[in-house]
Amino acid sequence: MQFDLAVLPGDGIGPEVANEGIKVLQAIGERFDHSFNLHYGLVGGVAIDQLGTALPPDTLEMCRRCDAVLLAAVGGPRWDDPQAKVRPEDGLLTLRKGLGLFANLRPVKVFPTLIDSTNLKPDVIQGVDFIFVRELTGGLYFARPKRQWQTSRGRRATDSMTYSEQEIERIVRVGFELARGRRKKLTSVDKANVLESSRLWRQVAMEVAEYYPDVELEHMLVDACAMRLIQNPTYFDVIVTENMFGDILTDEASMLAGSMGMLPSASLAGVPQEGGNIFGMYEPIHGSAPRRAGLDMANPIATILSIAMMLRYSFGLIKEAQTIDSAVDEVLSQGYRTYDIMGEGKTRVGTKQMGDLIAAKVGG
Ligand code: IPM
Ligand code: MG
């Protein structure tokens with residue numbers, strides 16, 4: 001089969017990890033006889049430097065014409081001035097909004113081989129396997145008003161946490177659908193003891209639950225969830241939450257898997273289906289790690305696993321996706337580690353070598 005893929009390497013370690021993701025994708029293409037037409041585009045700091053905007057209109061148009069998008073990372077200290085008119089992150093946010101990618105899936109799985117390379121006790125994280133469904137185009141990130149202004153008594157600024165019932169309903173549905181294909185337990189995370197938007201969230205979640213009598217719905221306050229993630233992470237199956245809560249909790253959850261460098265994500269414009277053909281953007285959850293850039297150090301596994309998610313949800317290629325997942329497992333089992341997941345007696349490798357090893361396994 002033939003697919004068109006937009007590749008947006010972005011900033012910092014972005015280009016390095018994107019290369020390894022593409023290497024593994026090409027290995028899949030050769031082994032299973034698919035061709036992936038790659039269309040490279042600018043986003044983030046590189047786009048600001050070259051064109052003065054974080055998301056050139058050409059990039060957005062190109063993404064729209066493709067079957068899926070691979071985005072590596074954006075941002076860096078060079079563009080961090082709080083006074084700056086344009087920010088690399090704006091590019092990412094405009095892409096998410098412009099492509100209608102409201103559902104962000106972030107699976108958190110502990111690789112048995114990495115159980116000793118995390119900061120948590122092995123018996124706490126053994127068997128962790130859950131998935132976050134983060135709302136991605138609403139809430140504090142996007143709702144208006146959002147501004148800073150001058151008053152006679154000094155400066156003020158505001159961001160708004162606003163949700164419509166339609167926005168809540170469609171994301172909660174994604175949570176229920178995923179739970180249905182798993183252990184049938186959905187945890188909806190909110191702050192309903194304080195926030196009005198969370199009270200609406202909770203009401204809508206209960207209404208949607210009527211359509212999913214086979215799934216157990218539970219509500220959890222976000223602070224309690226932050227605690228439970230560390231105290232008893234195997235408790236969770238599917239977690240659905242609003243944009244900002246999801247941003248924070250998924251960084252926390254990445255520590256269960258040992259490193260941010262291990263966590264992939266998919267941002268979708270509809271309800272995901274394994275083996276389906278839904279449009280999506282795939283990214284590692286980590287940032288651009290500017291201090292590691294250009295050093296051939298970064299862990300490419302999050303990007304490589306994001307490619308596997310792309311095969312699964314956007315290209316309908318389940319067998320191929322499983323091939324990548326198993327290749328990652330095998331390479332880790334053989335003791336190869338990038339710096340972030342390095343452990344005693346393991347073999348340390350750089351970005352490229354990790355990509356080569358996984359691509360070679362994928363090649364069969
Ligand atoms: C993420 C990142 C982004 C976010 C940043 C880079 C804007 O932290 O994908 O989690 O906050 O959504
Ligand atoms: Mg984040």
Side-chain angles (χ1 to χ4, degrees), residues 8-15 17-18 21 42-48 53-55 59-60 63 69-82 84 86-108 131-143 146 159-161 163 167 171 189 222 225-226 229 239-257 259-269 280-293 298-299 302-303 305-306 309-310 340:
L8 314 179
D11 308 316
I13 58 169
V17 294
L42 293 175
V43 70
V46 295
I48 294 178
T53 165
L55 182 67
T59 300
L60 183 59
C63 293
V69 181
L70 174 69
L71 185 145
V74 296
R78 277 181 54 203
W79 307 281
D80 259 355
D81 178 1
V86 278
R87 311 176 59 84
E89 290 79 3
D90 296 340
L92 176 57
L93 300 181
T94 314
L95 260 179
R96 288 173 178 171
K97 192 79 175 177
L99 297 171
L101 305 172
F102 68 89
N104 183 218
L105 273 42
R106 298 188 164 183
V108 180
I131 183 161
F132 262 100
V133 179
R134 169 187 175 195
E135 200 289 325
L136 205 59
T137 53
L140 283 169
Y141 278 59
F142 293 98
K146 181 182 198 64
D159 295 282
S160 310
M161 174 91 103
Y163 272 104
E167 283 175 306
I171 193 70
V189 173
V222 62
C225 179
L229 277 171
I239 302 176
V240 65
T241 192
E242 71 86 38
N243 203 346
M244 178 83 171
F245 297 161
D247 178 46
I248 298 169
L249 294 175
T250 53
D251 265 28
E252 184 193 3
S254 73
M255 287 298 103
L256 304 169
S259 163
M260 300 249 288
M262 295 300 297
L263 251 58
S265 87
S267 304
L268 306 171
M281 180 160 85
Y282 297 83
E283 4 162 9
I285 82 146
H286 62 68
S288 60
R291 283 185 303 130
R292 312 284 181 199
N299 185 350
T303 304
L305 293 175
S306 299
M309 290 186 88
M310 177 189 297
D340 56 316

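Scope of the values below: all heavy atoms of this structure, side chains included, with no hydrogens, waters or symmetry mates. Order of appearance sets the numbers: ligands from 1, and atoms from 1 within every ligand. All residue numbers refer to positions in the sequence shown, counting from 1. Everything quoted here is computed from the prediction, not taken from an experiment.
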Heavy-atom nearest neighbour of atom 9 (O) of ligand 1 within options Arg96, Arg87, Met244: Arg96
Minimum heavy-atom distance Phe132-Leu229, with the two atoms named: CZ-CD1, 4.1 Å
Count of N, O or S atoms belonging to protein, less than 2.8 Å from the Mg ion (ligand 2): 1
Check: Thr250 side chain, Gly246 main-chain N or O, donor-acceptor pair, under 3.5 Å: yes
Met255 atom CE: more than 12 heavy-atom contacts under 6.0 Å: yes
Nearest option to atom 1 (C) of ligand 1, as decided by whichever heavy atom of Glu283, Arg106, Glu89 sits closest: Arg106
4.0 Å heavy-atom contact, Asp247 with ligand 1: yes
Leu8 side chain reached by Leu95 side chain, heavy atoms, under 4.5 Å: yes
Pairwise side-chain contact, Thr94 with Val43, heavy-atom cut-off 4.5 Å (strictly under): no
CG-CD1 distance between Asp90 and Ile48, expressed to the nearest 0.5 angstrom: 7.0 Å
Atoms of ligand 1 close to Arg134 [distance to a heavy atom under 4.0 angstrom, numbered from 1]: 1 (C), 4 (C), 9 (O), 10 (O), 11 (O), 12 (O)
Spatial distance of atom CZ (Arg292) from atom CG (Asp340) [nearest 0.5 Å]: 8.5 Å
Heavy-atom nearest neighbour in the protein, as seen from atom 4 (C) of ligand 1, with distance rounded to 0.1 Å: Tyr141 OH, 3.5 Å
Audit row: Asp11, Arg78, side chain to side chain contact (heavy atoms under 4.5 Å, CB included) steps and yes/no: CA-CA 11 Å; Asp11 308 316; Arg78 277 181 54 203; over 6 Å; no
